[in-house]
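Scope of the values below: all heavy atoms of this structure, side chains included, with no hydrogens, waters or symmetry mates. Counting begins at 1 with the first residue of the sequence. In this text, all values refer to a predicted model and were calculated from it rather than measured experimentally.
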Amino acid sequence: GRVLRCPECGKHFAELTVMPNTLPSYAFLNFEDHPRGNLMLRALLANARQPTIVIEECSKDAKESRREQFEYLAAYAPDPSTPTVKNLCDQHGICYVQVDSLNAADTITYLNSASPDYGILGDTRVLIDQVIRTVRHNIINVHPGYLPVVRGNNPYIWALALGLPQGAAAHLVDTGIDTGPILLNQKLDISAIHSFDRLVHEINALCADLLVRAFHGLLSKCLKPVEQPAPTHPTFRKAPKELLDYARTLISERRRPPC
C-alpha cells in the first residue's frame, strides 16, 4: 500500500493507509494536448493516482487554444521529449478517448461507462449541466486567474491591463463561468517577472500545484469549498490582440496601468 498525505494538513489521505485501487476515481478532461492541461496531468500522475479515463476534445477551438498557449509560451518551447497527453495515457495504461466536443453526447457516454467519482479539468470549454451531472460527486477546475476578481477568458491579460492581482484558483464547477465554490485561491507575486511568456509559464506551474493540493485536500476533508463573494469586475471575454500587445508592454516595461 501507499501512504498519501494531504499537503495542506499532513494527514494521511482519507486518514488511512490505502491500496491504490481504494482511492476515489476521477476522469480528466482537456482540450487536445493543451500545454497547461498536459502539465496538470503530469502533476497528478506524479502526486496522486491515475485517472480512470482521459477525454480530450479534438476540435477547431481546441487547436486554436493550444496554438495560442504555445504562442504565449514562446520562450518556453516544450522539450521534444515531453510526452503528449495520449503518450502519457499509453505509458500508464489509461483509457484515452477523443471527442468532437466535451459537451457532446459521446462525452456523457464515456463518463457513464467509466463512472468516475470526480472530474478534473485541464483546459476546456465551459461544460453544460448534463456533463457536469454525469460525474458522481464534483468536478474540479483550476482557473488561471485570481477569483472572483478575474473571471473568464485570458485572465492574466486582463489582470495586467487593469492592474488586478495575478494568481490561480481551484474551484468546484457549476454551470456558471468560474463561479463555483473555491477550494484554494492563491495570488502570484510578479515583481520579479518581466516577460509575458514567463508570467504564463509561472501561472501554469501554479495551476498544476494548486490542482494536486486541492484534490488531496478535498478528498482528505481538510479543505472545505467556500462560496465565492460577489465579483467586483465583469466576466471577461477573449482579449483582443491590442490588449495582449499592451499587456506585453506593461510587464516588460513594468509600467503602471492608467487609473
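For the residue pair Asp174/Thr179, the side-chain donor-acceptor check at 3.5 Å is satisfied. At a cut-off of 3.5 Å, with distance as the only test, a side-chain donor of Ser195 or Asp197 sits close to an acceptor on the other residue. For the residue pair Thr82/Asn38, the side-chain donor-acceptor check at 3.5 Å is not satisfied.
Note on residues 100-116: pairs passing side-chain hydrogen bond (donor to acceptor under 3.5 Å, both in side chains), not counting sequence neighbours, are Ser115-Arg136.
Both Tyr146 and Leu210 belong to a common hydrophobic cluster when Ile, Leu, Val, Met, Phe, Trp and Tyr are linked at side-chain heavy-atom distances under 4.5 angstrom. Under the 4.5 Å side-chain heavy-atom criterion for ILVMFWY residues, a single connected hydrophobic cluster contains both Phe215 and Val54.
The CG atom of Leu184 sits 5.0 Å away from atom CG of Leu223, with the distance rounded to the nearest 0.5 Å.
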Should Arg248 and Tyr72 be marked as a side chain to side chain contact (heavy atoms under 4.5 Å, CB included) after you check the CA-CA gap, both sets of side-chain angles, and the distance that decides it?
-> CA-CA 10 Å; Arg248 287 183 185 276; Tyr72 293 168; 4.0 Å; yes
Carefully, step by step, assess Gln69 and Asn204 under the rule side chain to side chain donor-acceptor pair (under 3.5 Å).
-> CA-CA 10 Å; Gln69 185 76 180; Asn204 286 355; 2.7 Å; yes
Test side chain to side chain contact (heavy atoms under 4.5 Å, CB included) applied to Leu211 and Ile140, step by step = CA-CA 8 Å; Leu211 173 58; Ile140 301 171; 4.1 Å; yes
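In summary, Glu64 and Lys60 do not engage in a salt bridge, as defined by a charged side-chain N under 4.0 Å from a carboxylate O.
Pairing each heavy atom of Ala27 with each of Pro116, the nearest pair is N-CB, 3.6 Å. In this structure, Gln228 and Asp178 approach most closely via the heavy-atom pair NE2-O, 2.9 Å. Nearest heavy-atom pair across Phe28 and Gly122 is CZ-CA, 3.7 Å.
Side-chain contact between Pro51 and Leu45 is present, with heavy atoms from C-beta onward closer than 4.5 Å.
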Just distance, no hydrogens or angles: give the donor-acceptor pairs under 3.5 Å from side chains in residues 156-173, sequence neighbours left out.
unit_1	atom_1	unit_2	atom_2	d
Trp158	NE1	Arg237	O	2.8
Gln166	NE2	Tyr156	O	3.1
His171	NE2	Asn141	ND2	3.0

